[in-house]
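Whatever order the structure lists ligands and atoms in, that order sets their numbers, starting from 1.
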Amino acid sequence: MGDSTMWRATILTIFPEMFPGPLGLSLAGKALAGKLWSLDAHDIRAHATDRHGTVDDTPAGGGPGMVMKADVLARALDAIPADGRPRLLMSARGRPLTQARVAGLAKGDGLVALCGRFEGVDERLIAARGLEEVSIGDYVLSGGEIAALALLDACVRLIPGVMGKEASGAEESFIAGLLEYPQYTRPAVFEGRPIPEVLTGGDHGKVKAWRQAEAERLTRERRPDLWKAYESRPKKPRT
Ligand code: SAH
């Protein structure tokens with residue numbers, strides 16, 4: 001991040017009132033109030049070319065639903081100064097979002113995200129403005145706003161100073177390519193279930209080994225895709 005500028009998010013949406021929404025609370029909300037990041041939600045409708053504020057039209061070739069207009073979206077995007085921030089389109093057909101991409105975005109100056117609605121956006125807009133299509137998972141939402149909120153939440157917590165303990169980001173799921181190990185806290189026994197003995201024994205080496213083994217077991221059982229990638233990862237060269 002350029003240290004003179006805060007991390008900036010600009011969202012293009014027909015529902016600007018959905019922002020900051022849940023990001024106005026908790027960690028992200030405190031960081032927003034503390035100017036560790038900024039959020040602008042622009043109303044796409046303000047860039048409509050007719051008096052009715054039309055942003056969509058019927059699909060060429062027929063079919064159900066409506067398509068967001070390339071000309072209106074281009075005007076909305078072009079009203080944002082080109083400052084090198086990545087321009088994303090929230091899209092069910094985009095590349096699935098990963099923690100690695102999130103970390104990359106969090107290290108930059110921020111992002112511009114366009115939220116689709118209806119059946120999506122005119123394909124020519126995506127090509128003409130070189131938008132990066134990002135999906136938050138293999139399911140279909142009714143709009144890009146909740147996807148953008150999820151993306152922002154994931155990015156903002158990685159901005160330096162946002163998380164209480166800087167270290168708590170380092171060990172969690174996906175960082176090392178494994179799912180996170182199980183967590184426990186008091187009471188020592190819950191409905192007859194004790195905390196695993198190794199965690200209360202005070203041997204840090206044993207705790208570390210147990211956590212690593214559990215993370216590996218869970219990843220093997222639940223995410224064969226991640227496990228395969230983990231097993232074939234390049235080993236760190238010995239120095
Ligand atoms: N007809 C489209 C779905 C449109 S849903 C299709 O079948 O792919 C309307 C909008 O919701 C999309 O334009 C996109 O901005 C957003 N959206 C839906 N699912 C999403 C997902 N999994 N990730 C990110 N954005 C999504």
Carboxylate-amine/guanidinium proximity below 4.0 Å for R8 and D40: no

Electrostatic pair R95-E133, nearest N-O below 4.0 angstrom: no

Ligand-protein N/O pairs under 3.5 Å (ligand 1):
residue: ligand 1; atom: 1 (N); partner: E119; partner atom: O; Å: 3.0
residue: ligand 1; atom: 1 (N); partner: E119; partner atom: OE1; Å: 3.3
residue: ligand 1; atom: 11 (O); partner: G143; partner atom: N; Å: 3.4
residue: ligand 1; atom: 11 (O); partner: G144; partner atom: N; Å: 3.4
residue: ligand 1; atom: 15 (O); partner: M90; partner atom: O; Å: 2.6
residue: ligand 1; atom: 15 (O); partner: G116; partner atom: N; Å: 3.0
residue: ligand 1; atom: 19 (N); partner: L141; partner atom: N; Å: 3.0
residue: ligand 1; atom: 22 (N); partner: G137; partner atom: O; Å: 2.9
residue: ligand 1; atom: 22 (N); partner: Y139; partner atom: O; Å: 2.9
residue: ligand 1; atom: 23 (N); partner: I136; partner atom: N; Å: 3.1
residue: ligand 1; atom: 25 (N); partner: S91; partner atom: N; Å: 3.2

Sidechain N-carboxylate O distance under 4.0 Å for R45, D43: no

Evaluation steps, side chain to side chain contact (heavy atoms under 4.5 Å, CB included), between H42 and I11: CA-CA 6 Å; H42 289 274; I11 308 296; over 6 Å; no

Note: R211-E180 ion pair, threshold 4.0 Å (strictly below): no

Lys/Arg cation over aromatic F190: R193, 6.0 Å, 45° cone: no

